[in-house]
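To find a chain, count down the sequence lines: A is the first, B the second, and so on, and within it residues start at 1.
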Number of protein chains: 2
Amino acid sequence: MSATSPIEGERRLRRDAARNRRLILDAAREAFAARGLHVTLDEIARWAGVGVGTVYRRFADKESLIDALFEDGIGEVVALAEDALDYEDSWAGFVHWFEGFVAMQAQDRGLKEVLLSSRGSQQRIAAASERLLPLISRLVKRAQDAGELRADVRPTDIPLMGRMLAGIADITADVSPELFRRYVAIALDGLRVSRDAPSRLPARALKLEQLEAIRRAQ
Amino acid sequence: MSATSPIEGERRLRRDAARNRRLILDAAREAFAARGLHVTLDEIARWAGVGVGTVYRRFADKESLIDALFEDGIGEVVALAEDALDYEDSWAGFVHWFEGFVAMQAQDRGLKEVLLSSRGSQQRIAAASERLLPLISRLVKRAQDAGELRADVRPTDIPLMGRMLAGIADITADVSPELFRRYVAIALDGLRVSRDAPSRLPARALKLEQLEAIRRAQ
DNA sequence: ACTAAGCGGAGATCATACCTCCGCTTATAC
DNA sequence: GTATAAGCGGAGGTATGATCTCCGCTTAGT
């Protein structure tokens with residue numbers, strides 16, 4: 001991982017410093033994934049068991065830390081799409097990617113926020129985005145040509161539907177972390193050209209009290 | 001409307017004060033609808049053309065103002081559900097309500113935030129919510145008994161799907177205010193038991209630059 | 001023309017981030 | 001063993017942004 005190895009040309013860190021850098025990155029990954037990019041560096045420092053000063057000595061500012069972390073994450077989304085294009089069955093490939101795309105974001109609030117906001121080093125994210133969109137277009141086209149994916153969706157609809165589903169995953173995560181898969185399944189059923197019966201819904205629907213709990217938690 | 005008429009038992013306002021109260025409520029409605037509950041009372045005051053002091057003389061705090069405004073809005077959602085239960089065709093009734101439910105939130109950020117957050121006078125919203133859920137259950141049951149709505153969705157899924165769609169409406173509103181209807185249509189197609197062909201998608205998909213614009217705007 | 005009611009908006013107050021600074025500690029090289 | 005550069009913690013400086021108060025002036029209504 002690029003975030004973990006020392007960059008060539010930089011003077012080597014003292015052993016304690018290197019250890020702390022790792023602690024900070026690990027704490028940041030966990031904290032951003034669990035709670036989003038809004039967590040403060042003060043909190044990350046406390047979580048990592050170091051002082052804030054130590055964080056700022058290693059990373060010029062919050063932006064740099066976010067960069068160091070999410071370069072990899074975005075690469076994974078792209079890799080998943082490349083993977084999906086190798087599927088024989090084009091619909092299965094599309095479903096594989098789409099479910100993975102949403103699930104990755106559902107499990108990592110930070111990634112979700114990096115993916116569709118303009119945080120972080122604009123550059124890299126924009127670049128990854130430019131690599132991703134053509135792949136999505138090909139996944140869409142293949143599945144449409146096979147007569148599986150409805151013909152009236154356009155490639156730009158897909159990341160938006162992904163974001164929509166990641167959004168509900170965010171809201172329901174605390175109460176039922178797998179609930180979002182129901183809505184992914186319903187959305188995929190809606191994206192098929194035709195079908196005789198609905199696919200089976202994963203996870204359990206919420207109980208009334210759980211729905212109420214979400215409203216209170218907001 | 002309860003928000004506009006003077007409450008009985010309260011001393012009558014001087015004419016200029018009454019006029020200002022109206023101006024404030026109108027400005028607040030517009031501002032909350034367009035930009036969400038986070039707009040400051042300072043901004044609402046400027047928009048209304050009065051001083052902040054005037055706002056705070058009429059409404060104890062921001063909460064009270066939100067209350068005064070959204071009592072009505074929540075009632076409308078309930079009324080729409082009651083209306084939908086009168087439809088002969090149970091699926092059409094369900095669709096009528098669901099589309100309206102999402103559209104109302106899409107057109108009013110404030111309403112959306114009031115509906116599923118714990119802002120405002122908890123009490124009234126919780127009460128409305130308790131009136132609404134049984135209505136949703138009946139709409140769902142009717143459409144399922146008729147064999148139109150898939151049997152494996154539960155009533156609690158519906159407000160969550162509504163929120164999910166309202167969420168994407170929020171994000172895309174500036175670029176294409178009707179885009180969310182595409183995703184409502186896809187979701188409804190996914191909610192049917194079976195169908196031969198997809199329904200026709202409303203609105204136009206985004207162009208690549210528009211998708212990019214949304215990312216930048218976040 | 002008198003006065004209670006209302007007005008504007010500067011600024012007090014509070015909250016919350018990001019980031020810096022500096023006196024002290026420690027790893028490492030010799 | 002010791003010198004020293006590197007690193008450390010965390011209190012607090014700074015900036016921002018929101019809510020709400022206060023008070024000298026204005027105006028509607030009798």
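For the pair A:R19 CZ and D:dG9 C1', the interatomic distance rounds to 13 Å; values are reported in whole Å. Straight-line distance from the CG atom of A:L41 to the P atom of D:dG9: 14 Å, rounded to whole Å. Rounded to whole Å, atom C1' of D:dG9 lies 12 Å from atom CD1 of A:I24. When the C1' atom of C:dA10 is taken as reference, atom CZ of B:R46 falls 13 Å away, rounded to whole Å. Across the protein-nucleic acid pair, A:K62 atom NZ and C:dT20 atom C1' stand 17 Å apart, rounded to whole Å. Distance, B:R12 CZ to D:dA28 C1': 13 Å, rounded to whole Å. Rounding to whole angstrom units, CG of residue A:D42 and C1' of C:dA15 are separated by 14 Å. Residue B:E63 contributes atom CD, which lies 14 Å from atom C1' of D:dC20 at whole-angstrom precision.
Using a 4.0 Å heavy-atom cutoff across all strands shown, B:R58 reaches sugar-phosphate atoms only and no base atom.
For the pair A:E43 and A:G53, nearest-nucleotide mapping onto DNA chain C gives the more 5' position to A:E43. Comparing B:H38 and B:L13 by the nucleotide of DNA chain D whose heavy atom lies nearest to each, the residue mapping closer to the 5' end is B:H38. Mapping B:D16 and B:T40 onto DNA chain D via the closest heavy atom, the residue that lands nearer the 5' end is B:T40.
The phosphate of C:dG6 has neither OP1 nor OP2 within less than 4.0 Å of any side-chain N or O from B:N20. Residue B:R57 places none of its side-chain N or O atoms closer than 4.0 Å to OP1 or OP2 of D:dC20. For D:dG7, the OP1/OP2 oxygens have no side-chain nitrogen or oxygen of A:T54 closer than 4.0 Å.
A parallel orientation is assigned to the rings of A:F101 and A:W97, their planes being inclined by less than 30° (bins at 30° and 60°). In this pair, B:F70 and B:F32 present their aromatic rings tilted. The plane angle is within the 30 to 60° band.
Between B:D170 and B:R109, at least one side-chain nitrogen of the basic residue sits less than 4.0 Å from a carboxylate oxygen of the acidic one, meeting the salt-bridge criterion. Salt bridge annotation for B:R215-B:E212: present, with a cationic side-chain nitrogen under 4.0 angstrom from a carboxylate oxygen.
In this model, a side-chain donor or acceptor of A:R14 finds a partner on the base of D:dA6 within 3.5 Å.
Side-chain N/O atoms of A:S64 and A:D61 include a donor and acceptor closer than 3.5 Å.
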